[in-house]
Amino acid sequence: MTGNSKLTDVGRRPPSALREPSPREEGEEIAIVGGGIIGICAAAFLAEAGRSVTIFDRTGICEETSSGNAAAFAFSDVLPLAHKGMIKNLPKWLADPLGPLSIPPAYLPKLLPWLIRFWRAGAPAKYEASLAAQAGMMKLAEAEWMDMLDRSGTRPMLREDGSLELYESEAEFRAGLVGWSARQRFGIGFRHVGGEELARLQPGLSPRFVKGTFVPGWKTVADPKLLGKAIWAYAEAKGARFEKALISQVAADQDGVTLTLADGTTRQAMHLVVAAGAWSHLLARQLGDRIPLETERGYNTTLPKDAFDVQRQLIFSGHGFVITPLETGLRVGGAVELGGIERPPNYNRSKALLQKAQKFLPGLDPSGGREWMGFRPSLPDSVPVIGKASGSRPVVYAFGHGHLGLTQAAATGRLIRELVLGQTPSVDLAPFSPQRF
Ligand SMILES: Cc1cc2nc3c(=O)[nH]c(=O)nc-3n(C[C@H](O)[C@H](O)[C@H](O)COP(=O)(O)OP(=O)(O)OC[C@H]3O[C@@H](n4cnc5c(N)ncnc54)[C@H](O)[C@@H]3O)c2cc1C
C-alpha cells in the first residue's frame, strides 16, 4: 500500500521526449477516489477484469468509516429509513440528546433541505419504490459477497449465526410486524421467538425483553477492517495500486479525467470512480452534479472479547443500537447523529449506548473499551447513488450506502465494473441514478 501509482504525474512530468504514453493515450487507466469498502470492492472487480486501477485515499485502505462499523452483512435489511413508523418516533427520540437520533441545533438550518427530502421519501409510493430497489440490490449483494469471499479466500471471516432483534413490550413487537410482513414479501426468512427459545438464543438477557425476532440468514464478519484489508490484499494481487493522497480537485471531459492532489501535482486517467463516502458530494459538485448527501454519524465502543458471551448480533431497534461479537472484541453501538462532516465527535453518545447495554445484558463488563465514530454517507431515500455523472463524462459515482455500505459493497463493485466497461448492469440502475434528485 505504498504510493506506487503509475498514473501520469503531470506536476512532475519529464520532458516530453522521455514521457511515457499517458493513461488517456493507453486508454485503460481507472482512478478511484476513496479506499473504503466501496472503493476497495470496485478496485477488486476492475482488477479482476484485467483493468489497470489505482485507489487514492487521504488516510489509507479501510481506515475510516469502513473500519469500525457493526460488521453486519444485513441482507434482510431492505426497509428504507423514512417510513411512517420511524417518523412517528422522531419527537420522542429527538427529546433525548443522547438518544438513538440527535441533531445538534446549530446544524439544523443546514440539514433542513435534506430532512424535507427524507420526509417526502416516506410517502407510500416513494417508499415502495425504494423498498423494491433495495430488495433487488440485496439479492445481488448476497450473491456477490459470497462469490467474492470465495475468490479472495476470505470466507473463514464470515459468521453465519443470524441476528436476534429484541423487544421490550408486546406493543413494540406489534409495531414492528408491518416491517416484517414487508420483508416476507421479498422472501426474507425470520422467526418470532419468546420464552425458552429467546433465552436459548441469548443466555443472560435482561428479563425486560419479552419477545424477539430471529433472522437466520443474517451474517456478520470477523472484523470489518480486517475484511477490508484482506479484500484489498486480493485486489492488489490482481494488480490494483494505492496512492496516499488527498484529492482536492477533480475535472473531467469526454476524453478523461484530471485529479489535482493537495500537493498541487496532478494525475490523469481514462475513468474516475468517486467512492469517497460522506465526502463524495464535494467532488461531485466540482463536476457540476449536486447530490443531497448527508452524514448519519454513528458511535460505538469495542470492548475486550470476553466482556460478555454474545451468541450472535443483538439488535435493539427501539434504542437504535446493536451488539456484535467480533473476532477482535465485542462492539456495542449505532445511533444516528445528523451533525455534518466538520463537528468533532461527542463520545458521550458511545458512553450512553454502553450504559444501556449494561442494563440489557446484566453482567456485561464495560471496562477496557475503545470508542469510535464513523460517518455513514446517507441519501434521503436510503438508496445509494450508483451511476454515471451527468454530461457523458467517464465518471461513475458509488456512494451514499448509509447503514449498509459493508453489506452492499461487493454488489456495488460489480455494478461499477459493469458501468465502467459499458456492460449491461446486473440490476436496473434507474432507482440508483445520481440524477434522480
Ligand atoms: C456505527 C456504524 C455502524 C455501521 N454498521 C454497518 C453494518 O453493520 N453493516 C453495513 O453494511 N454497514 C454498516 N455501516 C455503514 C458502513 O460503515 C458505511 O456505509 C460504509 O463504511 C461506507 O463505505 P464507503 O467506502 O462509502 O466510505 P468510507 O469508508 O468513509 O470511505 C471513503 C474514503 O474516502 C476517503 N476520501 C474522502 N474524500 C477524499 C478525498 N477528497 N481525497 C482522498 N480521499 C478521500 C476517506 O478518507 C475514506 O477513507 C455502519 C456505519 C456506522 C457509522
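Atoms within a ligand are numbered from 1 in the order they appear, just like the ligands themselves.
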Polar side-chain atom of [X] near backbone of [Y] as donor-acceptor pair, under 3.5 Å:
X	Y	result
R58	L246	no
T154	A230	no
R414	A410	no
Q435	K388	yes

Taking only heavy atoms of [X] into account, list the atoms of ligand 1 that are under 4.0 Å away from them.
X	value
T59	47 (O), 49 (O)
L246	40 (C), 41 (N), 42 (N), 43 (C)
I37	23 (O), 25 (O)
L404	10 (C), 11 (O), 12 (N)
T407	9 (N), 10 (C), 11 (O)

Tell me the protein heavy atom at minimum distance from [atom], and give that distance in Å.
atom	result
atom 50 (C) of ligand 1	N69 CB, 3.3 Å
atom 28 (P) of ligand 1	S66 OG, 3.8 Å
atom 5 (N) of ligand 1	A70 N, 3.0 Å
atom 9 (N) of ligand 1	A72 O, 2.9 Å
atom 19 (O) of ligand 1	G402 O, 2.8 Å
atom 13 (C) of ligand 1	H403 O, 3.1 Å
atom 42 (N) of ligand 1	I247 N, 2.9 Å
atom 35 (C) of ligand 1	D57 OD2, 3.2 Å

Closest to [atom] (judged by heavy-atom distance), picking from [options]:
atom	options	result
atom 43 (C) of ligand 1	A276, A245, A398	A245
atom 44 (N) of ligand 1	M373, E337, R58	R58
atom 51 (C) of ligand 1	Q313, R297, R376, E296	R376

Tell me whether D381 is salt-bridged to R117, with the criterion being a basic N under 4.0 Å from an acidic carboxylate O.
no
Pair E63 + K229, salt bridge at N-O below 4.0 Å:
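Answer for the salt bridge query: yes.
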For a side-chain contact (heavy atoms from CB on, under 4.5 Å) check, start with the C-alpha distance between E144 and F45, then their side-chain angles and the critical distance, and finish with the verdict.
CA-CA 10 Å; E144 290 304 329; F45 272 89; 3.5 Å; yes
Measuring only between side-chain heavy atoms, which start at C-beta, is V221 closer than 4.5 Å to L226?
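They are not in side-chain contact.
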Is there side-chain contact between M137 and T412, with at least one heavy-atom pair below 4.5 Å?
yes
Taking N or O atoms only and a 3.5 Å limit, does [X] qualify as a polar contact for ligand 1?
X	answer
I38	yes
G35	no
W279	no
V33	no

Using the side-chain contact (heavy atoms from CB on, under 4.5 Å) rule, take V332 and N300 through it: C-alpha gap first, then chi angles, then the decisive distance, then the call.
CA-CA 5 Å; V332 177; N300 60 39; 5.8 Å; no
For the NZ atom on K351, are there more than 12 heavy atoms of other groups (residues, nucleotides or ligands in this structure) within a distance under 6.0 Å?
yes
Solution key, residues 311-327 side-chain donor-acceptor pairs under 3.5 Å, sequence neighbours excluded:
| unit_1 | atom_1 | unit_2 | atom_2 | d |
| --- | --- | --- | --- | --- |
| Q311 | NE2 | D309 | OD1 | 3.4 |
| Q311 | NE2 | D309 | OD2 | 3.4 |
| R312 | NE | D161 | O | 2.8 |
| R312 | NH1 | L201 | O | 2.7 |
| Q313 | OE1 | W218 | NE1 | 2.7 |
| Q313 | NE2 | A70 | O | 3.1 |
| Q313 | NE2 | T324 | OG1 | 2.8 |
| S317 | OG | E165 | OE2 | 2.4 |
| H319 | ND1 | K356 | NZ | 3.3 |
| H319 | NE2 | E168 | OE1 | 2.6 |
| T324 | OG1 | A70 | O | 3.0 |
| E327 | OE2 | K305 | NZ | 3.4 |

Please work out whether the ring planes of W180 and F190 are parallel, tilted or perpendicular, with thresholds of 30° and 60°.
tilted
Yes or no: does A74 have any heavy atom under 4.0 Å from an atom of ligand 1?
no
Which bit of A278 gets closer than 4.0 Å to ligand 1, counting heavy atoms only: side chain, backbone, both or neither?
neither
